[in-house]
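Notes follow once the structure below has been shown.
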Amino acid sequence: FRSHTFDHSWASLAQLIEEGATDGLMCDFGMPVLHAGVRYNCRVICHNRKVLLIRPKTAMADNGNYREGRYFTAYSSPANSSATRPEKHLLPTSFFSQFGQRDVPFGLYHVQCADGTTIGCESCEELWTPQASHIDLALRGVEIIGNGSGSHHELRKLSTRMELMTSATRKCGGIYLYSNQRGCDGGRTYYDGCAMIAVNGRIVAQAPQFDVHDVHVVTATIDLEDVRSYRASNPAFGIQASRMATEEGGGGSNGLTFDDVHLVFDPTNIESFNKKRPHITEEGMELKIAAPEEECCLGPACWLWDFLRRSGAAGFFLPLSGGADSASVAAIVAVMCILVTRAAREDPEGDVAKDCRRVCRKDKGNSLWVPSDPQEMASYVLHTTFMGTENSSDVTNSRAKRLGDAIGSYHLSIKIDLMVKAVLQVFQMTTGHMPRFGSRGGTMTEDLALQNIQARLRMVMAYVMAQLLPWVRGRSGFLLVLGSANVDEGLRGYMTKYDCSSADLNPIGAISKGDLKRMLVFLSKEYPGFDVLGEIANAPPTAELRPIDAATATAEAGHSQTDEEDMGMSYEELGYFGRLRKISRCGPVSMFKKLVVTWNHLSPGDVAAKVKRFFYYYSLNRHKMTTITPAYHAEAYSPDDNRFDLRQFLYNTKWTRQFDVIDDIVAQYPDSEQDKDKND
């Protein structure tokens, strides 16, 4: 946190005020403030070129992806603050020279306008705390509460966010103005906007959750008498508000009165007759909450667009295997192209169109070029390649080509056997040994090494392509390499370190296999021409790194090697393990105790074996998470080691004490339970 950030923030606020942003408007800005030598995260309330109040945040977000306590201190009010004069914060000298203001009240106060309107605010995390700030504000008579938030997207999170706001205004009455950031934070999280206005327990305005536009404005006209009537009709509210007023020595405490601030439109005021009479927003609206399969494509699509336009890259490169994971990434880029093309065509002179022209290298001259359709944009920004070997099937090659054609990507199909043979020849010349696959008499060590050689060479080739394909096509710039390892594979460690899971960005790294398959099915039905996605979703996942065994290969997979057989567990089981490990904070013993009840169709011994197998491979492969590609954060059980899941990466893989306790518990079950599977 650089000290100049404070100076830049005040300079930005001064510029906004100077340009008239607060003329006739009450504005609530978020910015860091250094007060009495302490860094606070604050809301700054301004009106008509004057700073009315600086309100510091009282609860820091320090869980999950957030580390707010690193930078800011939670504010605590001085003792008996309601009975003393407010603290004063000395404004920068530039404010006095520009606006004639030297200082401003600082603390947990709210604004009382001359027309009787009362306005307060809370900030982001304070909405989620047990003793939320809006409760005290409502009991003190505040009618309008603003929340400038920085809440990132996570699957199935929006409904919780909405419920907090509707519940707050349903219990206490009032108007809740929620504004959330939109866009990528320069890292793994995407802030999904969805600004809302809630009144007395109902939503009356809502912005889109996912969009390629930077800003959306929502408005509503509210009759404050509705709030006052709602609260007055609630006896419990009146009792608690009266009790608080008595304890604090009178009603209206912590309110700062400004006699020159008038906000309400008064229809009885003859001076208001010349103004346009607003239409009151009376009806609540139907809430717009995307299904998880929609979130899986829309959130990462907007995240990728932010990265693409801000990085200066000329597009993406994706190794396209024809499987569900890489197909999901390709489909997400396709959705990005759909969103950007739609916005660019709606406003060819807008910011989205300008960014689109720059990314597609169509920004020379005065051209207002925009893509004719999403496929045209994809032909510029998405480059896909099927990197096959002698172990690859024609089925997956066909799926990759058909998907590339449907999306419109610049697609190639190549063989990398020459690279594999070259590496093996160097090894043989050096050691005098040639490894063999297990099906050809080799050991497990040889077999795994041969698989990893193919996987790692694909990563090398991916970066060669990303650097040179723009040159091949006569274009400038570079391509961002996209990875395609899902959250379940990361959790289990079912990936080769520095293979195609190593890339610049991974839009699906925190999305489960189950959600990805549902997303593919959804897109195959939602968009004409994407039928191949449904076929890919229903095919058994396969790495295609071992020789094909014609006797066991299936038509659907096209190969005899399948992921779930290699892992020794299903993707559905991995979802259980992931949620229990991270969200429920379970170790081996507590996880077994939960699953032995949940999976009552299995014997305790079988449940124990599955739990032990998971923790063995989880701990054995945890080191892979230290170099994992930056992935879009979407799932609460992401194993991302960099920012979210901060755990050690060296474990005792034997889990001696924990596994012994599990064995002791299993031994206490009667023989009839142990033989359950045999009897079924």
Side-chain angles (χ1 to χ4, degrees), residues 65 152-155 184-190 296-297 299-308 310-313 315-321 323-333 336 381-385 387 452 454-467 478-513 515-516 541 543 563 574 578 582 618 621-635 637-647 649:
N65 284 295
H152 65 72
H153 172 244
E154 199 169 88
L155 293 178
C184 163
D185 70 340
R188 293 158 174 80
T189 52
Y190 174 79
C296 286
C297 58
C302 295
W303 181 73
L304 284 178
W305 174 241
D306 258 14
F307 257 102
L308 182 58
R310 290 163 60 180
S311 68
F316 299 116
F317 178 83
L318 171 66
L320 189 58
S321 70
D325 291 336
S326 62
S328 296
V329 175
I332 287 169
V333 177
M336 181 200 81
V381 302
L382 180 58
H383 304 68
T384 55
T385 300
M387 301 185 194
N452 287 342
Q454 300 167 69
R456 289 187 171 117
L457 287 176
R458 285 183 175 128
M459 184 272 289
V460 173
M461 196 63 194
Y463 275 94
V464 172
M465 291 288 195
Q467 194 164 11
F478 61 95
L479 304 178
L480 294 170
V481 178
L482 298 180
S484 56
N486 62 64
V487 69
D488 298 324
E489 291 171 348
L491 184 67
R492 162 64 170 72
Y494 184 64
M495 61 177 67
T496 300
K497 204 171 186 179
Y498 304 117
D499 69 346
C500 278
S501 64
S502 295
D504 296 316
L505 300 170
N506 183 359
I508 67 167
I511 303 178
S512 71
K513 192 76 162 187
D515 279 334
L516 288 175
D563 291 357
L574 274 170
K582 176 66 177 178
Y618 161 73
N621 292 311
R622 176 65 186 172
H623 67 94
K624 296 179 181 179
M625 294 299 99
T626 63
T627 60
I628 197 71
T629 296
Y632 178 90
H633 177 84
E635 189 60 79
Y637 68 88
S638 168
D640 187 321
D641 176 72
N642 179 273
R643 177 170 172 178
F644 183 70
D645 190 25
L646 304 180
R647 307 188 188 205
F649 52 89

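Both backbone and side-chain heavy atoms feed into the values below; hydrogens, waters and symmetry mates do not. None of the values given here were measured: they were computed from a predicted structure. When a residue number appears, it is its place in the shown sequence, counting from 1.
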Side-chain contact, heavy-atom cut-off 4.5 Å: [X] with [Y]?
{"X": "M495", "Y": "I628", "result": "yes"}
{"X": "K513", "Y": "E489", "result": "yes"}
{"X": "M336", "Y": "L382", "result": "no"}
{"X": "T629", "Y": "S501", "result": "no"}
{"X": "H623", "Y": "K497", "result": "yes"}
{"X": "V333", "Y": "L482", "result": "yes"}
{"X": "T385", "Y": "M461", "result": "no"}
{"X": "M465", "Y": "H383", "result": "no"}

Distance from [X] atom [atom1] to [Y] atom [atom2], nearest 0.5 Å?
{"X": "C297", "Y": "D515", "atom1": "SG", "atom2": "CG", "answer": "11.5 Å"}
{"X": "C302", "Y": "H153", "atom1": "SG", "atom2": "NE2", "answer": "10.0 Å"}
{"X": "L155", "Y": "E635", "atom1": "CG", "atom2": "CD", "answer": "5.5 Å"}
{"X": "S311", "Y": "L505", "atom1": "OG", "atom2": "CG", "answer": "8.0 Å"}
{"X": "L480", "Y": "F307", "atom1": "CG", "atom2": "CZ", "answer": "8.5 Å"}

Flag, side chain of [X] to backbone of [Y], donor-acceptor distance under 3.5 Å:
{"X": "N486", "Y": "D325", "value": "no"}
{"X": "R188", "Y": "N65", "value": "no"}
{"X": "R458", "Y": "P319", "value": "no"}

Shortest non-hydrogen contact from [X] toward [Y]:
{"X": "A324", "Y": "S328", "answer": "O-OG, 2.7 Å"}
{"X": "G312", "Y": "F478", "answer": "O-CE2, 4.1 Å"}
{"X": "A510", "Y": "A634", "answer": "CB-N, 3.5 Å"}
{"X": "R492", "Y": "N621", "answer": "O-ND2, 3.1 Å"}
{"X": "N506", "Y": "G483", "answer": "OD1-O, 3.1 Å"}
{"X": "L491", "Y": "Y618", "answer": "O-CD1, 3.6 Å"}

Let's go through Y463 and D504 carefully: what are the C-alpha distance in whole Å and the side-chain angles of both, what is the deciding distance for side-chain contact (heavy atoms from CB on, under 4.5 Å) to 0.1 Å, and is it a yes or a no? CA-CA 10 Å; Y463 275 94; D504 296 316; 3.2 Å; yes
Among D488, V329, I511, find the one that has a side chain to side chain contact (heavy atoms under 4.5 Å, CB included) with L516. I511
Could you check Y494 against L574 for side-chain contact (heavy atoms from CB on, under 4.5 Å), going step by step and ending with a plain yes or no? CA-CA 11 Å; Y494 184 64; L574 274 170; over 6 Å; no
Parallel, tilted or perpendicular: which one describes the rings of Y632 and Y190, with boundaries at 30° and 60°?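 Ring orientation of Y632 relative to Y190: tilted.
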Do we see a donor-acceptor contact under 3.5 Å between the side chains of H152 and D185? no
No-hydrogen, no-angle side-chain donor-acceptor test under 3.5 Å, N452 and Y498: no
